[in-house]
Each structure stands twice: as structure tokens, then as C-alpha cells.
2 protein chains.
Amino acid sequence: MDLRRLRYFVAVAEARSVGKAAERLRMAQPPLSVQIRKLEAEIGAPLFRRGTRGMDLTEAGQALFARAGEALALAADGAEAARAVASGRRGRISVGYMFVLANAVLPRLIPELRRSIPGVDLDFAELTASTREARLLDRSVTVALCMPAIHHPEIQVARIGAQPLMLAMPIRSPLARLGAVPVARLQGRPLIALPHPDQDPASSAVAALLRRHQVVMPIVSRVETVHSAMSLVLAGEGLAILPACAQLGAPRGVVFRPLRDATDSIDIAVCWRRDSHSPLIRTFLKCAEKVVARL
Amino acid sequence: MDLRRLRYFVAVAEARSVGKAAERLRMAQPPLSVQIRKLEAEIGAPLFRRGTRGMDLTEAGQALFARAGEALALAADGAEAARAVASGRRGRISVGYMFVLANAVLPRLIPELRRSIPGVDLDFAELTASTREARLLDRSVTVALCMPAIHHPEIQVARIGAQPLMLAMPIRSPLARLGAVPVARLQGRPLIALPHPDQDPASSAVAALLRRHQVVMPIVSRVETVHSAMSLVLAGEGLAILPACAQLGAPRGVVFRPLRDATDSIDIAVCWRRDSHSPLIRTFLKCAEKVVARL
DNA sequence: CATTGGCATACCGAAAACATATGGGTTGAC
DNA sequence: GTCAACCCATATGTTTTCGGTATGCCAATG
């Protein structure tokens with residue numbers, strides 16, 4: 001069963017004439033006549049009653065005609081749907097984000113995305129530092145909004161912004177009375193650290209900062225998210241050095257102060273598989289850049 | 001968009017491999033690979049991600065795949081439906097019948113038909129002597145159960161039985177006391193006649209009968225149906241010469257008597273367009289023969 | 001480094017489709 | 001009644017497309 005024959009069949013059925021249909025199909029009449037007869041041979045029954053004034057569907061022909069239109073439409077629709085997905089007008093994108101960015105970026109990013117790609121299904125998944133590469137590689141997320149960026153040969157990274165490091169402390173801490181805290185004042189104080197994968201420049205940035213100032217802070221806890229870090233800070237377990245945007249999600253009782261003599265920052269990046277060529281990724285990147293630029 | 005390509009596409013998508021799909025399709029791998037690429041060219045986007053371990057649908061491919069299966073199924077279903085209709089397993093048949101047969105034949109014929117062709121839509125339409133040809137010719141009925149048969153060059157007739165002519169009279173008529181009425185006794189009595197189209201052998205049969213016996217009956221009324229005829233008989237307007245089966249629908253007060261020295265009868269026939277080749281007509285004919293044989 | 005597995009390309013023969021030309025049957029007009 | 005017009009079917013040659021075989025390329029594996 002060939003779709004072209006079905007298309008010819010429908011044309012002839014609608015025109016009630018081989019000649020008229022051939023004209024509409026921009027082809028000669030004889031080959032169309034042949035194709036119709038081949039279709040009838042394939043079905044095993046006459047589909048048209050040949051009259052002297054044209055052709056007319058038989059009952060069997062009517063039965064086929066009833067389905068043929070739908071089948072043609074469905075095939076065309078499938079092709080169109082594929083094109084729409086390929087072009088980014090339709091589809092699905094699964095956005096991974098790290099918790100530290102949830103408060104600062106997502107509330108503005110989500111409406112921006114819905115405006116830019118209205119036909120696209122969006123879904124969101126929180127990523128942790130230890131699983132984000134895997135989620136990209138197994139395609140369970142299409143793009144990841146990361147802080148800091150991922151470094152992996154299969155993963156493409158676009159840096160879209162950065163956030164300065166700040167000191168997070170309990171509001172009762174004596175340091176909180178300072179407008180900006182000199183790094184030297186941190187010497188010997190307990191530090192709540194985020195995970196430290198080998199190539200992760202997040203804690204590297206903190207480590208580098210302390211090293212540069214020859215300050216040592218004993219690590220009292222390692223936690224997965226900035227939220228946990230701030231909880232421990234509130235509990236008085238120690239201090240944390242976090243990107244400024246974390247401040248938005250800080251509990252009452254935790255305050256942030258700039259570090260006076262440090263300009264260190266952590267990158268915000270959009271990351272995706274190198275072999276994902278969906279145009280939705282570009283669109284997502286544009287939206288994210290726009291939102292992050294206004295932080 | 002070719003249905004074969006769509007079939008190939010589905011096979012590759014399901015096998016997640018060109019080679020495996022080619023095997024399942026009983027063809028070599030290279031031409032299948034070529035067809036897939038042609039489909040991708042037609043869509044204008046890659047449908048598969050080529051990995052080192054096989055092929056995997058892209059998002060666009062998934063969009064197409066979601067519709068492709070349905071389109072294939074619908075096309076196959078259309079072909080099957082056409083075959084089913086052509087073979088008589090499915091379809092629709094519109095049965096025309098003349099009123100005179102309604103009581104004697106339909107109550108047995110309808111269940112017989114439903115048993116024989118369970119997948120077929122049946123509908124019934126009463127025909128009158130003056131419209132039955134037209135209803136067949138314009139295909140508003142597929143077959144007609146007629147009494148007497150139709151004679152027309154475009155219409156095929158199968159005689160399936162006959163009914164003897166009987167005399168219908170009011171129960172109070174002196175003739176009703178006889179077991180059988182000699183035709184000679186009808187001389188001069190008023191006759192309720194059925195319509196008399198030129199080639200209609202119904203009234204011809206009655207006319208021939210009377211002529212043969214050299215009996216003259218003045219015609220006092222012409223009516224369309226035996227029902228009307230019997231009503232007029234009941235009203236005392238005259239007598240009617242009707243097929244025996246009309247007796248079943250006779251109102252109380254009208255009785256039938258055989259004609260002693262006449263064996264005249266009227267045919268029961270199934271009629272259909274010569275160019276209708278539906279196998280349902282054969283089946284219908286068989287059912288009608290079976291039912292009429294038991295009258 | 002060789003081998004294996006999987007897809008892509010090249011080329012050739014076969015089959016299918018299309019166009020042109022023509023035949024046959026019916027309708028309708030002069 | 002003949003003739004023209006109309007419409008579908010058939011015939012034949014050319015072009016397109018399809019499928020098969022041979023082979024190349026690349027990556028993963030041992």
C-alpha cells in the first residue's frame with residue numbers, strides 16, 4: 001500500500017474523473033488510470049464504477065475513501081510535526097537547575113521561556129552538584145543552568161554571568177557589624193563547604209581565595225546545597241562563602257557581607273550535550289542570558 | 001511522503017538499528033540506510049542520532065514516530081475495510097420491499113439476514129409499484145423484494161417463489177360460504193384493482209385470468225397497496241384478486257378463498273441493478289429464497 | 001594494533017512510473 | 001444517421017527510483 005496511490009485515489013474520488021484528477025495532479029491521464037487499476041488489483045476489488053460520464057466510488061471504494069483522507073492527513077501531520085520539532089516551534093525541553101539559582105533566576109526565567117517558546121512543553125528538575133553531569137549525559141535534562149560551569153568533554157558550556165563571593169554568617173556574629181569583611185578576619189573560623197569534585201571550580205574558587213590571602217579555615221561540614229549551608233550557618237556551625245545570589249533564599253537570621261579585598265566570583269553557565277542540536281537550546285540560552293544580565 | 005519510507009522508518013526506530021531493521025524487512029542494509037536518509041532530506045531534519053552502537057530517535061524523529069504508526073495502521077485498515085466490503089463481510093445493504101410481502105416475508109427474513117451477515121448494516125424501505133424501478137436505478141435501495149417481478153433492461157431479476165391468486169371478500173359475502181370460488185361466479189362483480197403499469201404482470205395476471213375465463217369485472221377502484229385493497233373490500237366496495245400471502249395482513253372481516261378452476265400465480269422476485277456486483281446481493285438472495293420456500 | 005560492529009557511499013541491474021500516441025465506447029448535436 | 005466530443009483503457013519508450021553487492025569509514029574493544 002503506497003501513499004502516492006492513496007493520494008491519487010483520493011484525487012480521483014473527489015474529482016469523480018480520472019482526467020480531471022490528472023489535471024489537478026499535474027500529470028497525464030493514462031498513468032493515473034494505471035495507478036488506480038493497480039490499487040484496485042492490490043485491494044482485490046473494484047473501487048470505482050466506470051460510467052460513461054466519469055467514475056464513481058463503489059461501496060468498497062467508499063470504505064477506503066473514508067480512511068484514506070485520515071491516513072494522508074496523519075502522515076502529513078507527522079512530517080509537519082517533525083519539522084516543527086526540528087525547528088523549535090514545538091517540542092519538549094527539560095531544564096535542569098541548581099538550587100543556588102532557583103530563587104534568583106527561575107522566577108524570571110520561566111515566564112520568559114513560556115513567552116519565547118509557547119508551543120513547547122517545559123519541565124524543570126533540580127540538579128545537585130554530584131548528579132548534574134550524569135543527568136545531561138543520559139539526556140534526562142536537555143540543558144542545565146549551572147553554578148559553577150560543568151567541565152566535561154561531551155558537554156558544551158556557555159557562560160552567561162557571574163556572581164561575587166560573599167560571606168554568609170549569623171546575624172549575631174560580630175563580623176555582621178562590618179559593612180564589608182576583610183578576608184584576613186576569617187582566619188581560623190570554621191567553614192561550611194560545598195562539595196568538592198575534582199574539577200569543580202566552586203569550592204576551588206573559595207579555596208583559591210583563601211589560599212591567596214593565606215587564610216586557613218577548618219572545614220566543619222560538607223553539604224550539597226547552599227540551602228543546607230545557610231541552615232548550618234544559622235545554627236552557628238560556622239561561616240559559608242557563597243555566591244551573592246544565594247542571599248535571596250537565605251533564612252532570616254543569616255546575613256551576607258561582601259569580602260572587602262576579594263573580587264572573586266563564580267560563573268553562571270548554561271550547559272548541554274555537544275550532540276544536542278535542538279534549536280530550543282539556543283532559545284533557552286538567549287532567555288537565560290537576558291534574565292541573568294538583570295541580576 | 002511515501003508510505004514505504006514511513007514503514008522503513010518505523011522499523012528502524014523500533015529496531016534502533018538499520019542493520020537489524022533491514023533483517024526484519026528482508027532487505028539489505030545499504031538501501032534501507034539510503035531510504036532513511038531520503039526521508040530525513042524530505043523532512044529537512046535528522047530523525048536519528050547515529051551512535052556507534054546503533055541509531056536513536058531524535059526529538060523530531062519521536063514526533064514523527066508518534067504519528068507514523070497510526071498512519072500506517074489507518075492505511076492498512078482502509079485497505080482491509082475495502083476488502084471486507086468487497087467480500088461482503090462488512091458494508092451496508094438497503095432492502096426495498098413491497099407492502100404485500102411485509103407480513104409474510106419480513107418477520108422471518110430480517111433475523112435470517114442478521115444471522116447471515118452480522119457485520120453489515122441493514123436498512124429497509126417500503127417500495128410502491130410506481131417507484132420501485134427508480135429506487136433501484138438511483139441506488140437508494142440495493143435490492144428489492146418484489147411481487148411481481150420488475151422488467152427493465154438494467155435490472156436483474158431472480159424469481160424465488162410464487163403465490164396463487166385468491167379471492168378476497170367481506171366475510172358476509174355469500175361467496176364466502178363456498179370452499180373455493182369458481183371464476184365464473186365473479187362475472188359482473190366490482191373489482192378493486194392494483195396499479196397497472198404497462199409491463200406490470202401483476203394486474204396482467206388478474207386480467208389474463210379473467211380473460212381466459214371470459215369473465216368481466218368492472219374496476220371500481222385502483223389502489224397502490226394490497227392493504228388499501230383489503231380496506232376497500234372490507235368496506236364493501238368490491239372484491240379483490242390478490243396473492244395468497246396478502247391474507248396474513250388482512251383485517252378482520254376480510255376472508256380469502258381459492259379460485260376453483262384457476263392455478264394462476266404471481267411471482268415473488270428479488271431484483272437488483274445489473275451493475276451491482278456486491279456479494280451481499282447473493283447472500284440476500286439466498287436468505288430470501290430460504291424464507292420464501294417455507295411460505 | 002588488529003578486529004569487530006555499525007552506518008554510509010558507489011555502482012549496477014531491475015522494476016516502476018510517467019509521457020506520448022492511440023483505441024474503443026458512449027453521448028449528444030446537426 | 002453520421003460525426004464530433006468526451007472519457008477511460010491500452011501500448012510503448014524513456015526516465016526515475018529502488019534494491020543488491022562491494023567497499024569505505026569510524027569507533028569501540030581486546
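Letters A, B, ... are given to chains in the order of the sequence lines, protein chains preceding strands, and every chain is numbered from 1.
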- prompt: When you match B:R4 and A:G19 each to their closest nucleotide on DNA chain D, which lands nearer the 5' end?
  reply: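 First, find each residue's nearest nucleotide; the 5'-ward one identifies A:G19.
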message: Going by side-chain contact (heavy atoms from CB on, under 4.5 Å), A:R92 matches just one of A:D121, A:L280, A:T142, A:L122. Which one?
response: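 When side-chain contact (heavy atoms from CB on, under 4.5 Å) is applied between A:R92 and each of A:D121, A:L280, A:T142, A:L122, only A:D121 qualifies.
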task: Ignoring the backbone of B:V34, work out which of C:dT9, C:dA17, C:dG6 is nearest its side chain.
output: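 For B:V34, the side-chain atoms sit closest to C:dT9.
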task: Please tell me which of the listed nucleotides, C:dT9, D:dC18, D:dC8, lies nearest to the side chain of B:S33?
output: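 Of the options given, the side chain of B:S33 lies nearest C:dT9.
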query: Among residues 21-30 of chain B, which contact DNA chain D at a heavy-atom distance under 4.0 Å?
result: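 The answer is B:M27, B:A28, B:P30.
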message: For DNA chain D, which residues of residues 37-53 of chain A approach it to below 4.0 angstrom with any heavy atom?
response: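 Nucleic-acid contacts, sorted: A:R37, A:R50.
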Would you kindly give the [atom1]-to-[atom2] distance between [X] and [N], to the nearest whole Å?
{"X": "B:D2", "N": "C:dA17", "atom1": "CG", "atom2": "P", "result": "10 Å"}
{"X": "B:Q35", "N": "D:dT16", "atom1": "CD", "atom2": "C1'", "result": "13 Å"}
{"X": "A:D56", "N": "D:dC8", "atom1": "CG", "atom2": "P", "result": "11 Å"}
{"X": "B:L32", "N": "D:dG20", "atom1": "CG", "atom2": "P", "result": "10 Å"}
{"X": "B:I36", "N": "D:dT17", "atom1": "CD1", "atom2": "P", "result": "18 Å"}

Are [X] and [Y] within salt-bridge range, i.e. N to O under 4.0 Å?
{"X": "A:R49", "Y": "B:D275", "answer": "no"}
{"X": "A:E70", "Y": "A:R67", "answer": "no"}
{"X": "A:E59", "Y": "B:R139", "answer": "no"}

query: Please, which pairs that meet salt bridge (Lys or Arg N to Asp or Glu O under 4.0 Å) have at least one residue in residues 18-31 of chain A, sequence neighbours excluded?
result: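 Sorted pair list: A:E14-A:R24.
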Enclosure of A:R50 CZ (heavy-atom neighbours >12, cutoff 6.0 Å):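 Count over threshold, so yes.
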field: Other residues, nucleotides, ligands: >12 heavy atoms within 6.0 Å of A:R16 CZ
entry: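 At most 12 heavy atoms, drawn from other residues, nucleotides or ligands, come within 6.0 Å of this atom.
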message: Looking at C:dA17, I'd like to know if its phosphate oxygens (OP1 or OP2) sit under 4.0 Å from a side-chain N or O belonging to A:R5.
response: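 Yes, such a contact exists.
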query: B:Y8 side chain N/O closer than 4.0 Å to the phosphate oxygens (OP1, OP2) of D:dC18?
result: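 For D:dC18, OP1/OP2 do not have a side-chain N/O of B:Y8 under 4.0 Å.
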- prompt: Do A:M1 and B:L3 come close enough that some side-chain heavy atom pair is under 4.5 Å?
  reply: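 Touching, per the 4.5 Å side-chain cut-off.
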message: Side chains of B:R135 and B:S140: any donor to acceptor distance under 3.5 Å?
response: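 B:S140 vs B:R135: donor-acceptor pair found between side chains.
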